[in-house]
Amino acid sequence: MKVCVCMYETTNCKVGCVCGGWSMVLLEHGMGCLSQPGKPMTLHHSTMYRKSKPIVLCTGNKNKLKEIVEIFGENFPYKVDNQDIDLPEYQGEPEDIARAKCELAAEHIRGPVLVEDVSLCFNALGGMPGPYIKWFLGKCGTAGLYKMLDGFEDKTAYAQCIFAYSSGEKESTVKIFDGRCEGIIVPPRGPTNFGWDPIFQPNGYSETFAEMSIDVKNTISHRSNAIQKVKDFLLQGNH
Ligand SMILES: O=c1[nH]c(=O)c2ncn([C@@H]3O[C@H](COP(=O)(O)OP(=O)(O)OP(=O)(O)O)[C@@H](O)[C@H]3O)c2[nH]1
Ligand SMILES: [Mg+2]
């Protein structure tokens, strides 16, 4: 990261911002910065948008993409492009799968990338199917997934969404953001257009993800919890 030292005094910034090369431009434009000396700057959103490289979100899942775009919202200051690259997913712990997927995406894109990997974890099964939910869903369907818990009293589960971000720079480390939503597995209810939504009923709600409005899902979901962390990270000037 290039280090800039602010040489201009503004109301908010006196000296020494570490800002990835932006402060001169911004300060010459009279925009100032909002950070404490030595801390990353919070930059003016529209300027960030114009100056920074787009973040490439690598996913082939249109439902995910729709939710991600909605959760980022209109005021998200970075341009996010989508590329449907078929990235191999290794076996292992969810975080390791997301990290490996992100490294492959960064190699391919050679720029800033975000990937997402989702797990549905049944507590009675020690967290399985977890990251393999896609394959279980494909082979057993939602009703079959519910039946997997027939022999267990414990129907509790959690949905986990891991975002992984890489700046795409050589030797940059992958940053992980883990978001979860606790709930129970129920017989399928509601529209069937997105994965296992019909069998996941989040705690505190009487509707499954599939039955509730997308606005409600997007405020409580595993995905929205993870994206909030991604947003906080990026808005601290980390992109
Ligand atoms: O009902 C759902 N509500 C959700 O909120 C949700 N998020 C993901 N999924 C499904 O869970 C598996 C994850 O696998 P996954 O993370 O590898 O996704 P994917 O392979 O479809 O896309 P990607 O890897 O290209 O991003 C896939 O079957 C997804 O369809 C969801 N189902
Ligand atoms: Mg996948």
Side-chain angles (χ1 to χ4, degrees), residues 55-72 80-106 108-109 113-122 127-146 148 157-166 174 176-202 205 207-228 230:
I55 300 169
V56 178
L57 174 67
C58 298
T59 179
N61 187 315
K62 296 290 169 227
N63 288 311
K64 272 187 183 183
L65 182 64
K66 186 166 175 280
E67 286 187 10
I68 294 168
V69 168
E70 276 173 22
I71 297 167
F72 272 138
V80 179
D81 290 338
N82 171 236
Q83 280 211 27
D84 174 2
I85 313 172
D86 191 16
L87 296 164
E89 288 171 17
Y90 299 125
Q91 291 184 34
E93 294 304 316
E95 184 176 324
D96 298 329
I97 295 172
R99 178 174 282 109
K101 203 166 155 180
C102 187
E103 283 166 354
L104 288 171
H108 189 91
I109 299 291
V113 287
L114 258 181
V115 302
E116 200 223 44
D117 204 70
V118 167
S119 299
L120 184 64
C121 307
F122 297 175
M128 286 291 114
Y132 312 112
I133 183 62
K134 182 173 180 173
W135 312 107
F136 277 76
L137 183 64
K139 303 290 180 194
C140 313
T142 48
L145 280 169
Y146 173 71
M148 279 171 54
Y158 63 93
Q160 181 181 27
C161 175
I162 298 193
F163 269 88
Y165 171 82
S166 165
V174 170
I176 297 289
F177 309 89
D178 186 337
R180 296 184 189 201
C181 180
E182 307 275 345
I184 52 168
I185 301 300
V186 297
R189 298 197 315 261
T192 55
N193 42 319
F194 192 7
W196 40 262
D197 269 359
I199 56 163
F200 188 81
Q201 182 176 309
Y205 292 81
E207 298 160 305
T208 62
F209 267 168
E211 290 174 307
M212 61 182 53
S213 77
I214 189 69
D215 289 348
V216 175
K217 181 184 173 191
N218 283 349
T219 43
I220 61 167
S221 75
H222 49 309
R223 181 163 291 109
S224 68
N225 288 332
I227 289 184
Q228 199 47 56
V230 174

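Counting begins at 1 with the first residue of the sequence. Whatever order the structure lists ligands and atoms in, that order sets their numbers, starting from 1. Note that the coordinates shown come from a computational prediction; the quantities given were computed from them, not determined experimentally.
Remark: Ile97 CD1 to Tyr132 OH distance equals 4.5 Å, nearest 0.5 Å. In this structure, Asp86 CG and Leu104 CG are separated by 11.0 Å, a value rounded to the nearest 0.5 Å.
Of all the atoms in ligand 1, the ones that sit under 4.0 Å from a non-hydrogen atom of Arg223 are 4 (C), 5 (O), 6 (C), 7 (N), 8 (C). For ligand 1, the atoms closer than 4.0 angstrom to any heavy atom of Glu116 are 26 (O). For ligand 1, the atoms lying closer than 4.0 Å to a non-hydrogen atom of Lys217 are 3 (N), 4 (C), 5 (O). Annotation for ligand 1: atoms under 4.0 Å from non-hydrogen atoms of Lys101 are 17 (O), 23 (P), 24 (O), 26 (O).
Taking each of Trp196, Phe209, Phe200 in turn, the one with a heavy atom nearest to atom 31 (C) of ligand 1 proves to be Trp196. For the residues Leu120, Ile199, Asn63, Val118, the heavy atom positioned nearest atom 8 (C) of ligand 1 is part of Val118.
The Mg ion (ligand 2) sits nearest to atom OE2 when only the N, O or S atoms of Glu89 are considered.
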| message | If you apply the rule salt bridge (charged side-chain N to carboxylate O under 4.0 Å, His left out), what do you find for Glu95 with Arg99, and how did you get there? | response | CA-CA 6 Å; Glu95 184 176 324; Arg99 178 174 282 109; 3.4 Å; yes
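Looking only at heavy atoms of the protein, atom 26 (O) of ligand 1 is closest to Thr59 OG1, 2.6 Å. At the top of the distance list for atom 3 (N) of ligand 1, counting protein heavy atoms only, stands Asp197 OD1, 2.7 Å. Summary of contacts: the protein heavy atom closest to atom 19 (P) of ligand 1 is Lys134 NZ, 3.6 Å. Of the protein's non-hydrogen atoms, the one nearest atom 18 (O) of ligand 1 is Lys64 NZ, 3.0 Å. Considering only non-hydrogen protein atoms, atom 29 (C) of ligand 1 sits nearest to Asn61 ND2, 3.5 Å.
For Asn82 (side chain) and Thr59 (main-chain N/O), a donor-acceptor pair under 3.5 Å exists by modelled atom type. Between the Thr142 side chain and the Ile199 main chain, no donor and acceptor come within less than 3.5 Å of each other. In this structure, Asp117 contributes its side chain and Pro131 its backbone to no donor-acceptor pair below 3.5 Å. In this structure, Glu103 contributes its side chain and Ala100 its backbone to no donor-acceptor pair below 3.5 Å. Put simply, the side chain of Ser119 never gets that close to the backbone of Cys121: no donor and acceptor are under 3.5 Å apart.
Remark: Lys66 engages Glu70 in a salt bridge, criterion side-chain N to carboxylate O under 4.0 Å. Taking a cutoff of 4.0 Å between a charged side-chain nitrogen and a carboxylate oxygen, Lys217 and Glu67 qualify as a salt bridge.
For ligand 1, the polar-atom distance check finds an N/O of Phe194 within less than 3.5 Å of one of the ligand's N/O atoms. For a threshold of 3.5 Å applied to N or O pairs, the pair formed by Gly60 and ligand 1 contains at least one separation below that value. Between Ile133 and ligand 1, not a single N/O pair is under 3.5 Å apart.
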